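Presented below is the structure to which this report refers.
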Amino acid sequence: MIRSRLIFLLVFISLLGCAERDLKERGLVTDQAMVVSAHPLASAVGSSILRQGGNAIDAAIAVQFALAVVYPDAGNIGGGGFLVLRQQDGTLDALDYREKAPAAAHRNMYLNEEGEVIDGLSYKGHLAAGVPGTVDGMVQAHEKYGSMPWDKLVQPAIELAAKGFPLTSKEARKLNEQRADFITYNTKRPEFILQDHWREGDTLRLQHLAHTLERIRDKGRVGFYEGPTADLLVAEMKRGRGIITKADLASYRAVWRKPVTGQVGNYRIISMPPPSSGGIALIQLLTISEKYPLQDWGWNTVGSAHFMIEAERRVYADRAKHLGDPDFYDVPVEDLLDTAYISSRIKGLSLDKAADSDEISAGVPAPPESPNTTHYSIIDAQGNAVSVTTTLNSSFGSKVLVAGAGFLLNNEMDDFSVKPGFPNSYGLVGGEANAIRPGKRMLSSMTPTILEKDGELFMVVGSMGGSTIITTVYQIILNVTKHGFSMQGAINAGRFHHQWKPDWVLSEWGALGAGTGLELWLKGHRIAPKDGGIGRAAGILVLPNGKLEGGADPRGDDAAAGF
Ligand code: DON
């Protein structure tokens, strides 16, 4: 009784924040080229590469390395990511540089003798890290599509790390918040805690990282997976009882995959295939949405929000059962994208009443602490488009810096299903498809996406946000294609999220129109407000006159840059 009153109060309070914002106002508009990323310095690096005549892949490589310096909570060389490419002539490609489980990993590695999950082991510290994929991914992207010399693309990041850069207030706050974890989980004092308390405008210099980047600049993949960097990483593992070996590093290879695509009305969705669940889930959601009058119902009204929640409930149930690394598990991609199958998933969907997700997992649905990943979108002057989402998983990953090499290791092992039905840090459950196996890639929700409209490039978009990435990208696309918002407005607009289990709707403050939260609650939806925002997106829209509009997320320090 007290709990339901509390929920009612929260829903009611959430309505108070419903200020009408101008969701059609445009973000930065440029004539030829655009980069949108989570940090103004990284966007400036990408834009400068494009100005020098580099293509979208050149800019993507430079932005990836720059983010590893100026946005260390998610930008990385010790993590992984996905890149989706549409060349100007319409050719598509996708690069999977997701981390892999080390050879010594096994399915029960995070369980105690009673078979119970050991709290935090897959999430913090050395054992949480998968074998990093970023550097090999960037090298392979450069070999296949790069046009500028490799060293010119790594150099801007080296300069940022060696000379230092001013911290934004958000970054200073995050570094201070992580101080205790940095002390607990590191075997040597990392550069991030040399100062007791960071303030906005303080200069952060990362000398060890600068030297590691120099080795990558001079030797490519060997500069990371072999030689001094590999020695330092393996020594770090030994001190912290981690399991990544030199053989794991030497054998890591990023993989080129065929993007998943789906035609929805006039739009063709091009997105990341497994081991991401994002592309399939997004196409399922948009296909289902095409069958209902979302446009007439209006943005975030009770009709559209209820329908979207019910669609999300069904799509995330599929995710939990069917999706995993296609190199280890037979993911039925074609079947999941079959239009008849997708239609069958919404049979019985009531427009009046919330369904029940079977069992409700205990606890608050929000992740235990600030998660982090980052997305950037690029279009070059030739019309090539790149959509990249890259991550350490949670904020500052495993919290472990490789001593002497200055980079953070991911905690991506937590994206595996560590035990069937046991929720990961995003509350996601899974089973056999996503069980741990040596050399296997953990399932992801990252959804770097490109849209065509009537065969022409239309949008580049993606987001951070763990399990909420898919629903964030879904809502942004609907905001533009159904509700006529600008790219900036579509990203500014409030968001909500449902993921089957736990059976909660997370909603940003003020995301639901006046009365909507209450009406949804009366239909049987459990709604929990989400502080700190859902997702952080970066998008570029091609306007009817051929100009480009950038959408940079006001939830972070994100910035668009271009010319
Ligand atoms: O791959 C995934 O789905 C997660 N590791 C992404 C993490 C994430 O987005 C956290 N940031 N908010």
Side-chain angles (χ1 to χ4, degrees), residues 37-38 67 71-76 78-84 96-101 122-124 128-130 132-134 137 170 174 178 271-282 316 319-320 323-325 365-376 387-399 408-418 423-430 433-434 440-449 461-473 495 497 499 506 508 530-538 553 555-556 558:
S37 85
L67 284 169
Y71 193 63
D73 35 352
N76 68 84
F82 298 130
L83 178 155
V84 174
D96 165 3
Y97 55 102
R98 182 77 163 159
E99 302 89 328
K100 292 173 89 161
S122 64
Y123 195 68
K124 287 183 183 175
T134 294
K170 289 197 177 74
K174 281 189 268 182
Q178 299 293 334
S271 194
M272 196 65 208
S276 182
S277 59
I280 290 177
L282 178 68
Y316 275 79
R319 181 195 191 280
L323 294 175
D325 181 351
E369 63 171 281
S370 141
N372 230 319
T373 291
T374 189
H375 179 85
Y376 55 97
S387 189
V388 178
T389 315
T390 180
T391 189
L392 291 165
N393 192 21
S394 53
S395 211
F396 301 95
S398 62
K399 326 290 179 188
L408 282 151
L409 287 169
N410 67 84
N411 61 339
E412 221 72 65
M413 292 296 282
D414 191 63
D415 274 350
F416 278 117
S417 172
V418 299
N424 76 356
S425 64
Y426 304 104
L428 291 168
V429 289
N434 191 30
K440 187 175 174 182
R441 288 174 158 93
M442 52 299 280
L443 183 60
S444 173
S445 302
M446 293 189 288
T447 314
T449 297
V461 67
S463 178
M464 61 79 105
S467 56
T468 68
I469 292 174
I470 300 166
T471 51
T472 294
V473 175
R495 303 194 262 263
H497 167 80
Q499 61 181 45
L506 278 182
E508 289 186 326
K530 172 80 170 71
D531 278 331
I534 293 179
R536 201 173 312 144
D553 206 316
R555 294 162 183 81
D558 305 36

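One-based numbering, in listed order, for ligands and for the atoms of each. It should be emphasised that the depicted structure is a prediction, and the values quoted were computed from it without experimental measurement.
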Checklist entry - Taking distance alone, with no angle check, do Gly466 and ligand 1 share an N/O pair under 3.5 Å? => result yes

When you check the side-chain N and O atoms of [X] and [Y], is any donor under 3.5 Å from an acceptor?
X	Y	value
Ser445	Arg319	yes
Asp414	Ser122	yes
Asn393	Tyr426	yes

Any atoms of ligand 1 less than 4.0 Å from a non-hydrogen atom of [X]? List them with their elements.
X	result
Gly465	8 (C), 9 (O), 11 (N), 12 (N)
Ser445	1 (O), 2 (C), 3 (O)
Ile469	9 (O)
Tyr426	7 (C), 8 (C), 10 (C)

Determine whether the side chain, the backbone, both or neither of [X] has a heavy atom under 4.0 Å from any heavy atom of ligand 1.
X	result
Met442	neither
Asp415	side chain
Arg441	neither

Checklist entry - Between Arg555 and Asp553, does at least one N-O distance fall below 4.0 Å, as a salt bridge requires? => result yes

Next on the checklist: Looking at Asp73 and Arg536, is any side-chain nitrogen of the basic one under 4.0 Å from a carboxylate oxygen of the acidic one?
Outcome noted: no

Item to check | Donor-acceptor contact below 3.5 Å, side chain His375 vs main chain Val388 | outcome: yes

